[in-house]
Every structure is written in structure tokens, then in C-alpha cells.
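For the single chain, residues carry numbers from 1 onward in sequence order. Just so you know, ligand 1 is whichever comes first in the structure, and atom 1 is the first atom listed for that ligand.
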Amino acid sequence: MQRRDFLRQCARWAAAAPLASLAASLPAGSLLAAGSLLGCGTGPGYGTGEYDFDVNFDGRVLVIGAGAAGLAAGYMLGRHGIEYTVLEASDRFGGRVKRDRTLAGFPIDLGAEWIHDHPSVLASLIDDPGLDATLDVVPFAPQDISYRTDGGVRAFNVARNFMVDYKFRRTTWYGFLERFIAPTVQPHIRFGQPVTAIDTRGSGVRVATDDGTTYEADRVILTVPIQILQERQIEFTPPLDATRTDAIDSVWIPHGIKVFSRFDARFYPDVLLNGDPLDDASTDKLYYDATLGKGVSEHVLALFWVADEAAAFTELGSDDAIVSAVLADLDGLFGGRASRHHIASVAQNWSADPYIRGAYSSDFAGGYDAFMAALADPFAERVFFAGEAFGGTESSTVHGAMQSAYAAVERLLAG
Ligand SMILES: Cc1cc2nc3c(=O)[nH]c(=O)nc-3n(C[C@H](O)[C@H](O)[C@H](O)COP(=O)(O)OP(=O)(O)OC[C@H]3O[C@@H](n4cnc5c(N)ncnc54)[C@H](O)[C@@H]3O)c2cc1C
């Protein structure tokens with residue numbers, strides 16, 4: 001579920017939202033439909049013109065990266081009539097938002113899965129009163145919670161009182177982007193274009209990709225993962241100053257992996273924490289029932305592991321080896337039942353993705369304010385930074401990544 005783990009997340013919810021308790025108290029299957037939440041326009045910015053920015057700019061923009069932030073940047077630039085192109089290294093959009101349709105009869109989120117905010121944030125992100133945002137959102141409220149101890153598995157159901165989050169019921173984060181954000185952006189995306197160089201000498205910006213193509217624009221919105229910048233995969237001319245590179249290097253991005261396994265029987269709790277539940281680290285690695293709230297009859301258990309220790313799985317070398325390690329882990333906990341009931345698995349090793357290279361920003365050595373202060377102003381007044389790490393209090397989330405892109409577009413358009 002993200003390092004923004006169950007326990008801390010729930011504390012946040014408990015503090016913030018009477019609606020969360022309302023949602024949690026709804027019987028299973030009584031859909032907390034986004035139609036009711038989103039359609040009534042209670043969310044901040046829904047149709048209020050929050051993103052109707054002043055435009056004092058009439059040039060061309062290059063957006064680098066087509067994850068949630070890059071798509072959002074394109075969506076908002078298009079809405080304001082700005083000419084733009086999105087350069088994406090891989091052959092698909094979404095980045096750390098990715099969907100699998102092969103494992104089960106329902107779509108699975110291989111990356112971002114939970115809506116770590118009030119669900120009305122979805123309407124706010126779309127910000128179009130003309131759209132019927134009838135997405136279905138359900139509370140994720142596990143009842144059967146256990147944790148792993150030296151001696152096996154022990155119940156910890158008291159946690160059900162403060163574990164509430166939200167998920168899509170029939171769609172996914174990818175489905176959300178695909179339906180509401182990507183349609184107008186897709187024609188502007190050039191896939192298979194890993195950016196290798198950004199040159200800000202002269203008046204505009206020249207951006208080179210690894211096949212030697214050069215693109216020119218007046219401004220750039222850079223949304224690649226921080227890890228890509230830490231690895232200096234993109235060369236800046238003139239180089240980024242030390243203040244910016246120090247800030248980039250100050251971010252801790254742990255390894256990240258998710259593995260979904262389908263079984264022909266259920267032998268596991270709703271959630272299995274890894275160790276003492278009162279220790280934050282217990283939620284860096286956890287197993288959870290991926291069907292919870294989705295109204296399906298299949299048995300799909302997921303592993304979420306975002307931590308340096310996840311290297312024990314991410315560095316195994318192949319997805320088959322990772323799946324074997326997961327089954328061995330579960331067999332040890334459940335007396336061999338994982339292997340006996342296993343049908344198929346899908347592993348998503350985010351650390352091994354050449355254009356992602358890890359999970360998400362999880363700590364900032366010099367403090368978050370210093371990070372933002374160093375990178376808030378556009379480099380050479382033309383290269384704007386956006387993406388999950390720039391999401392402020394919502395960093396390391398999808399909606400935070402999108403909001404950071406909207407903020408970058410607003411600043412860019414201000415001229
Ligand atoms: C395991 C895991 C679980 C998560 N769970 C949740 C969750 O439940 N809820 C939630 O809200 N968030 C979750 N997140 C976080 C969320 O996925 C991210 O915060 C968000 O998707 C990041 O969006 P982004 O656009 O900033 O970056 P990305 O999605 O990483 O997009 C960056 C894009 O840049 C491209 N790129 C990289 N290098 C180059 C280059 N040189 N040239 C061109 N393109 C390049 C990449 O291919 C990618 O498409 C999770 C993340 C992980 C890894």
C-alpha cells in the first residue's frame with residue numbers, strides 16, 4: 001500500500017474525514033460510488049475553475065515523461081491552448097501507474113493502487129464539470145488483520161478500527177488516467193524517446209533523445225523519476241548547479257516491488273503485516289487480499305514491498321525467481337498451502353524498470369522544504385521540475401504527482 005502505510009494513513013484519515021468513517025461503515029458491496037461523491041461536486045476545485053490559469057505565454061513546451069505528472073501537464077497545457085509534445089522513454093504511458101489484465105478477471109494495479117486522499121480528489125484532478133466522473137470507488141477496510149512473528153502468524157484485528165483507505169472497484173489508477181486524462185494527450189506523445197540531454201544555451205531549449213533526434217521548445221516540464229536524475233541519465237548543458245544536484249541527491253528512493261498471485265483457495269487474512277504492527281516498518285512489506293471490496297470471487301493475494309530490504313527480491317534476476325521466493329515465503333507462514341493452491345503470478349519489479357529504477361521519494365536528507373526551495377524555480381528559467389517528489393504533502397502519490405504538474409503549468413503560463 002505505499003510507505004504512506006496503513007497505520008499512518010489511517011491516522012490521517014481518522015483525523016481528516018467523517019466521510020471515511022461513513023464509508024467504512026457501509027456494508028460490503030454498498031458502493032461508495034464516485035457518482036455520489038464526485039458528482040455532487042463536493043471536492044475542492046470540481047468545476048470551480050481552479051485550474052483556469054492566466055496565460056502570458058505563447059511558445060512551445062516539451063514535457064518529458066508520460067507518467068501521471070507528464071499526462072497531467074499535457075492535459076492542462078492542451079486545455080490552455082498551448083502547443084506541446086510529450087517525450088516518453090518507454091512504449092507506454094502511465095509510468096508507475098500500470099495495469100495488468102492477464103492474471104485475473106479484474107484489472108490489477110501493478111503500481112499505484114490506493115487513492116490516498118478523499119476520493120473527491122479525482123473530480124478535482126479532472127476539473128471538468130462537463131464530465132460525468134462516475135468512477136466507482138470503494139473503501140478499503142480490512143477486517144481480518146494479522147502480523148508475522150517468529151512463531152508464525154498472529155491476529156491483530158484491533159487495527160481494523162483505523163485502517164481505512166480507498167480503491168477503485170472495477171477500474172484502476174491506469175483506467176482513470178486512460179479514461180479521463182490521456183485521451184487528449186495521447187496524440188502528442190512520442191514513445192520510445194529516452195531523453196539524454198537538455199541544452200538551455202541560447203534562448204530556447206534543445207532536448208536530445210538516445211536515437212539522436214533533437215526537439216526544440218521554449219520551455220520544458222521535466223517529470224522523470226528523481227532516481228533518473230540521481231543516475232545522471234540526462235546531461236544538462238550548462239550543468240545543473242550544485243544546489244539543485246545536492247537537492248536531487250538528497251532524496252531516498254527505496255527499492256519497490258509488487259507481486260500478485262492467484263490461488264484456487266483462500267488461506268490468508270485480509271492483511272498480513274511484516275512484524276510488530278506498532279513498528280512503521282511492518283507496513284513496508286505486507287501481503288493483502290487484492291480482491292477486497294472488488295466484488296469478485298477469485299483469490300488474489302498481493303505482496304507490496306517498498307524498502308531497501310526489498311532488494312532481497314528485486315535483485316533475484318528474474319520474475320520467475322521472484323515468484324518462487326514469494327511462494328516460499330508464504331509456504332513458510334501457511335504450511336505449504338501457497339504452493340499447493342497456486343495458479344499463476346505476476347511480478348512488477350519497479351527497481352528493475354530502466355526508466356523508473358525504484359519506488360518513490362521516501363525521505364529528504366536535508367528536509368523537504370530545502371528540497372523544494374532548491375528546485376522550485378525553473379532551471380535556466382526554462383526547465384520546470386514536476387512529478388511525485390514535488391507533490392508537497394501529497395508527494396509519493398498519483399494525485400500529488402498530477403497536482404505538482406498543474407502547479408508547474410500554472411507557473412509556466414504565468415510567463
Ligand atoms: C510499488 C508502488 C506502489 C505505489 N502505490 C501507490 C498508491 O497506492 N497510491 C498512490 O497514489 N501512489 C502510489 N505509488 C506512487 C505513484 O505510483 C507515483 O507517485 C506516481 O505514479 C508517479 O508519477 P510521476 O509522473 O511523477 O512519475 P512516473 O510515473 O515514474 O513517470 C515518469 C515517466 O518518465 C519516463 N522517463 C524516465 N526517464 C525518461 C527519459 N530519460 N526520457 C523520457 N522519459 C523518461 C518513465 O518511463 C515514466 O513513464 C506507488 C508507487 C510504487 C512504485
Taking 4.0 angstrom as the limit, do Glu113 and Lys167 come out as a salt bridge?
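A salt bridge links Glu113 with Lys167.
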Below 4.0 angstrom, N of the basic side chain to O of the carboxylate: do Arg411 and Asp377 qualify?
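Result for this pair is yes, salt bridge flagged.
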Please indicate whether any nitrogen or oxygen in [X] is less than 3.5 Å from any nitrogen or oxygen in ligand 1.
X      : value
Gln233 : no
His399 : no
Val398 : yes
Glu113 : yes
Ala89  : yes
Ala68  : yes
Ile64  : no
Ile356 : no

Number the atoms of ligand 1 from 1 as they appear, then name those within less than 4.0 Å of a heavy atom of [X], with their elements.
X      : result
His116 : 7 (C), 8 (O), 9 (N), 10 (C), 11 (O)
Val97  : 21 (O)
Pro194 : 42 (N)

Determine whether the side chain, the backbone, both or neither of [X] has a heavy atom under 4.0 Å from any heavy atom of ligand 1.
X      : answer
Thr223 : backbone
Trp350 : side chain
Ser404 : neither

Can you list every salt bridge (Lys or Arg N to Asp or Glu O under 4.0 Å) pair that touches residues 199-222, not counting sequence neighbours?
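For residues 199-222: Asp199-Arg201, Asp199-Arg206.
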Give me each pair satisfying salt bridge (Lys or Arg N to Asp or Glu O under 4.0 Å) with a member in residues 103-112, each pair once, sequence neighbours excluded.
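Residue pairs with at least one partner in residues 103-112: there are none.
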So is [X] close enough to ligand 1, meaning a heavy atom under 4.0 angstrom away?
X      : result
Arg92  : no
Pro225 : yes
Lys258 : yes
Gly94  : yes

[Y] and [X] side chains, donor-acceptor separation under 3.5 Å:
X      : Y      : value
Thr85  : His188 : no
Thr102 : Asp100 : yes
Asp308 : Trp252 : yes
Tyr51  : Glu410 : no
Tyr287 : Asp329 : yes

Considering only heavy atoms, which of Ala73, Ala359, Gly256 lies nearest to atom 53 (C) of ligand 1?
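Result: the heavy atom closest to atom 53 (C) of ligand 1 is in Ala359.
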Please compare Phe304, Phe140, Tyr360, Trp173 and report which has the shortest non-hydrogen distance to atom 50 (C) of ligand 1.
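Result: the heavy atom closest to atom 50 (C) of ligand 1 is in Tyr360.
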Using side-chain heavy atoms (C-beta onward) and a distance below 4.5 Å, is His116 in contact with Glu394?
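Contact flag for His116/Glu394 side chains = no.
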Heavy atoms from other residues, nucleotides or ligands near CD of Glu235 exceed 12 (cutoff 6.0 Å):
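At most 12 heavy atoms, drawn from other residues, nucleotides or ligands, come within 6.0 Å of this atom.
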Phe371 and Ala247: which non-hydrogen atoms are nearest, and at how many Å?
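Phe371 and Ala247 have their closest heavy atoms at CD1-O, 3.4 Å.
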